[in-house]
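First up is the structure itself, then whatever we jot down about it.
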Amino acid sequence: MFAKDGKAKDVKTPRIVQEVWHNGEWIKWDDARVHVMSHVLHYGSSVFEGIRCYKTKRGPAIFRLTEHMQRLINSAKIYRMEHEWTRDQLSDAAIELVSRGGLEQCYIRPIIFRSLDEAHPAFGVNPFPNPLACYIGAWDWGKYLGEEAIEQGVDVCVSTWNRLTPNSMPAMAKSGANYMNSQLIKMEALLNGYAEGIALDDRGLVSEGSGENIFLVQDDRVITPQLSSSILPGITRDSVIQICRELGIQIVESNIQRAALYIADELFFSGTAAEITPIRSVDKITVGTGKRGEITRRIQQVFFEITSGEREAPGHWLTYVNEIKASGPSSNGHNASQAKATCASSSNNTETVADFETAMTE
Ligand SMILES: Cc1ncc(COP(=O)(O)O)c(C=O)c1O
């Protein structure tokens with residue numbers, strides 16, 4: 001599905017919610033525009049989120065809403081964006097947006113950025129004079145790496161581009177500017193005929209995909225890079241870690257060498273857009289049997305059972321929009337402590353080993 005020139009659209013986006021939340025007001029999609037001299041366009045000064053809302057028997061359900069909004073607040077704090085939007089206010093806005101949009105399922109995109117005060121414009125790098133704007137939009141989005149990918153897996157490469165270093169661009173913040181690095185990784189992969197690229201960190205250790213975290217399975221153990229490998233603290237990553245615990249699968253956060261990718265029994269990506277996508281080859285080296293592995297399949301199955309509301313999640317993971325609307329916004333069950341723990345640190349639920357060599361030679 002990926003054209004050799006990389007110009008094919010990633011997925012079809014047939015339906016867009018025609019309203020957008022802007023600084024506490026509802027505006028039309030067509031009116032959600034910015035001035036071309038806005039700070040964000042020139043200097044990359046935005047932070048954002050990507051959140052999925054799933055179709056369930058109880059109506060649309062937003063996946064780990066509080067954790068996503070907490071990560072947005074964290075990203076803004078790292079970039080000294082002083083604003084008054086609270087996590088609960090943004091969560092309520094997302095719920096209202098899904099309700100207004102009337103879609104059974106969608107992808108929700110909140111963004112905070114430095115815009116332009118047209119009466120008192122400022123054009124320099126210094127972001128402080130520029131006002132902040134917050135928008136939340138939504139659209140229906142299919143499978144990010146293709147429908148088939150969920151079962152068949154994808155062919156990927158190790159990128160020649162490294163992931164950002166922690167003291168240059170913090171990967172912990174989901175900032176728009178970080179995605180220039182992601183675009184280099186993605187374009188190179190597409191133009192070379194791969195679905196995705198895996199970046200190494202500045203030490204040459206495995207970091208993550210351009211828009212996904214990565215997991216290896218080796219000898220029935222699931223292993224994923226530590227946060228210190230310049231990864232985004234993925235909310236799907238955290239979900240996978242918790243699902244492994246529930247299934248009694250050993251899960252380890254560790255340094256991982258590039259070569260470990262080639263000899264892993266199974267590999268998969270995790271992410272809001274990619275969900276759980278198996279990887280069937282890296283740099284044209286077949287991973288395991290070249291098909292989705294059994295542990296990946298089990299984790300994927302539980303993940304989709306949870307997101308479709310058929311199986312109870314280990315925590316308050318689904319926000320049922322119609323039920324919240326029926327009973328008022330105060331009932332949306334924002335889970336403060338869980339959200340903070342997910343976004344700021346390594347999971348409490350994993351072992352951490354010094355590096356993957358240790359894990360492989362035991
Ligand atoms: C660079 C990067 N890493 C990892 C992820 C996965 O994070 P999450 O599971 O929170 O979507 C994403 C997607 O947002 C991403 O863009």
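Both counts, for ligands and for their atoms, begin at 1 and track the order of listing.
- An N or O contact shorter than 3.5 Å is missing between S182 and ligand 1 by distance.
- Between V98 and L103 the shortest side-chain heavy-atom distance does not fall below 4.5 Å.
- F303 and F63 have perpendicular rings, their planes meeting at more than 60° on a 0 to 90° scale where under 30° would count as parallel.
- Of the candidates E49, E67, E208, the one placing a heavy atom closest to atom 2 (C) of ligand 1 is E208.
- Residues W139 and V17 fail the side-chain proximity criterion, which asks for heavy atoms closer than 4.5 Å.
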- request: Give the intermediate values and the outcome of side chain to side chain donor-acceptor pair (under 3.5 Å) for residues Y54 and E275.
  value: CA-CA 12 Å; Y54 285 93; E275 298 173 302; 2.7 Å; yes
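- Closest heavy-atom approach to atom 1 (C) of ligand 1 within the set R163, R71, K174: this belongs to R163.
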message: Please determine whether salt bridge (charged side-chain N to carboxylate O under 4.0 Å, His left out) holds for the pair R109 and E49, giving the CA-CA distance in whole Å, both sets of side-chain angles, and the decisive distance to 0.1 Å.
response: CA-CA 6 Å; R109 169 58 58 81; E49 272 305 314; over 6 Å; no
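- An N or O contact shorter than 3.5 Å links T272 to ligand 1 by distance.
- Polar contact check, G50 against ligand 1: no nitrogen or oxygen pair lies under 3.5 Å apart.
- Y320 carries R58 over the face of its six-membered ring, with the cationic atom under 6.0 Å from the centre and within 45° of the normal.
- Taking 4.5 Å as the limit, some side-chain heavy atom of R292 sits within range of a side-chain heavy atom of Q300.
- Near G271, with a cut-off below 4.0 Å to any heavy atom, the atoms of ligand 1 are 6 (C), 9 (O), 11 (O).
- Scanning the protein heavy atoms around atom 9 (O) of ligand 1, the nearest turns out to be T236 OG1, 2.6 Å.
- By heavy-atom distance, the residue among S230, A171, G211 lying nearest atom 5 (C) of ligand 1 is G211.
- Counting atoms of ligand 1 from 1 in the listed order, those under 4.0 Å from a heavy atom of G234 are 7 (O), 8 (P), 9 (O), 10 (O).
- For atom 16 (O) of ligand 1, the closest heavy atom belonging to the protein is Y179 OH, 2.3 Å.
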